[in-house]
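What's counted below: heavy atoms across the whole structure, side chains too, no hydrogens, waters or symmetry copies. Just so it is clear, the model here is predicted, and its values are computed rather than measured.
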Amino acid sequence: MSCVTLTLEVWKRLVTTSTAVHYEWFTDWMPAAGMDKVKFVIKVKASSGSATFEAQPAIQTAAVRTNVPDSPTTCGATSQGGDGESVTSSIDISATTGPKYFVRFGVAYKVQAAGEAQADVSLQVCAETFGKIISIKTATLLAPDTSTYYQPLTGWMPTSMVSKFKAAFIIQNPSADFRCALAWQFASTSVQQPGSWSNSGTWYSSGEQGTGEVSATPGSNEMWVRAGIACKSNSASNVNATVTASVAIRK
């Protein structure tokens, strides 16, 4: 289940007077699930000013919400000083995207020395992905006691489609002892007779939580898999929370 995404060639006029790096984003936010490698084409035209304009591909991720992103950073060693065009090699970004739920790409730019510079800049991104978001749900979950309870979040899928799950949780109004975790369940020949649920063992109690990639390895005789959410009470009785959960898969 691989897919190649090629973004449109977008041009922007960028102006700066600072040797400190600024960022301009050329793509929308995209699912980071299974996005392992990217390649960039960056073009700088009609540069002018008292200093040399410099541009470089950039990346930014978000663990759960795109309006609360991580700090941006440059991506790859290729930078373009003054007018010109360049293409990067294929860059492995899996260590950056693996723990995160969303990603976007842009340009980091600055002047090479004190002064003012401006230029027309374009960026195209070719991204190789092996995953996608498959479910977004909101539910009020009740945990009567310290036993673990499970709620499905996706439909059944062939195990050949999935090697890892990733989830983003927003936990609202939780009772003090509420806990939840990413979970999954396998079935052999019939989804009407599934096996036992498993969970990641990493429990969350409140706020916005990203699980990163969690392996779900089926047995040789298991055909089906689905993702869910596990919940329990840490010590009290009848605890609850409203949880919004988004689940992504990767092959």
Side-chain angles (χ1 to χ4, degrees), residues 1-8 25-40 57-73 75-76 90-106 124-139 151-171 180-186 197-202 204 207-218 222 224-230 243-251:
M1 187 179 60
S2 62
C3 177
V4 175
T5 298
L6 178 65
T7 65
L8 297 174
W25 302 108
F26 281 68
T27 74
D28 294 330
W29 288 101
M30 298 178 280
M35 188 179 290
D36 292 345
K37 295 182 179 180
V38 292
K39 196 169 188 175
F40 300 97
I59 185 172
Q60 187 175 37
T61 55
V64 177
R65 291 181 187 261
T66 57
N67 61 345
V68 189
D70 303 310
S71 297
T73 185
C75 189
S90 182
I91 301 170
D92 189 335
I93 59 170
S94 57
T96 300
T97 55
K100 305 299 180 177
Y101 211 71
F102 296 103
V103 63
R104 65 177 176 177
F105 302 99
Q124 275 192 288
V125 185
C126 180
E128 183 180 3
T129 60
F130 295 86
K132 62 180 180 179
I133 294 174
I134 58 170
S135 177
I136 301 175
K137 290 184 178 180
T138 300
Q151 168 99 19
L153 293 174
T154 73
W156 289 100
M157 299 165 285
T159 55
S160 58
M161 291 177 58
V162 184
S163 65
K164 295 180 180 180
F165 287 108
K166 179 187 291 189
F169 297 141
I170 301 175
I171 306 168
C180 67
L182 176 62
W184 56 92
Q185 185 180 35
F186 293 111
W197 282 94
S198 301
N199 65 72
S200 67
T202 301
Y204 306 104
E208 301 172 5
Q209 308 290 344
T211 67
E213 292 182 341
V214 178
S215 296
T217 305
E222 291 171 323
W224 308 100
V225 65
R226 63 178 174 177
I229 187 168
V243 180
T244 299
S246 181
V247 178
I249 60 173
R250 72 159 294 153
K251 173 57 181 164

- Query: So does D28 have more than 12 non-hydrogen atoms from other groups sitting under 6.0 Å from CG?
  - Reply: no
- Item | Smallest separation among heavy atoms of Y204 and G210, with atom names | OH-O, 3.9 Å
- Let me know which of W25, F26, F40 forms a ring pair (Phe, Tyr, Trp, His ring centres under 6.0 Å) with F105. F40
- Dump the intermediate steps for side-chain contact (heavy atoms from CB on, under 4.5 Å) on T211 and S200, then the final yes or no. CA-CA 9 Å; T211 67; S200 67; 6.0 Å; no
- In short, P99 meets S94 closest at the heavy-atom pair CD-O, 4.4 Å
- Here the pair of heavy atoms bringing F169 nearest to C180 is CD1-SG, 4.3 Å
- Task: Without swapping roles, check the side chain of S135 against the backbone of T154 for a donor-acceptor pair under 3.5 Å.
- Result: no
- Query: Parallel, tilted or perpendicular for F165 and W184, by the 30°/60° rule?
  - Reply: parallel
- In this structure, CD of E128 is separated from CG of D92 (nearest 0.5 Å) by 10.0 Å
- Item | For A62 against P69, the heavy-atom pair lying closest together | CB-CA, 4.1 Å
- Heavy atoms only: give me the nearest A32-K100 pair and the separation to one decimal. CB-O, 3.6 Å
- Check: S163 side chain, R250 main-chain N or O, donor-acceptor pair, under 3.5 Å: yes
- Message: Using side-chain heavy atoms (C-beta onward) and a distance below 4.5 Å, is W224 in contact with P158?
- Response: yes
- Item | Any donor-acceptor N/O pair, Q60 side chain to D70 backbone, under 3.5 Å | yes
- Note on the structure: Output for pair (C3 SG, K132 NZ), nearest 0.5 Å, gives 10.0 Å
- Task: Measure the spacing between CZ of F102 and CE of M30 and express it to the nearest 0.5 Å.
- Result: 11.5 Å
- Message: Would you compute the distance between atom CD1 of I91 and atom SG of C75 and round it to the nearest 0.5 angstrom?
- Response: 4.5 Å
- Task: Give the minimum heavy-atom separation between I249 and M157, together with the two atoms involved.
- Result: CD1-SD, 4.1 Å
- Message: For the NZ atom of K166 and the OG atom of S246, what is their distance to the nearest 0.5 Å?
- Response: 10.5 Å
- What is the distance from atom CG of L153 to atom CG of L182, rounded to the nearest 0.5 Å? 8.0 Å
- Message: Using a 3.5 Å distance criterion without hydrogens, assess whether the side chain of E208 forms a donor-acceptor pair with backbone atoms of I170.
- Response: no
- Query: Donor-acceptor pair, T159 side chain versus P218 backbone, under 3.5 Å?
  - Reply: no
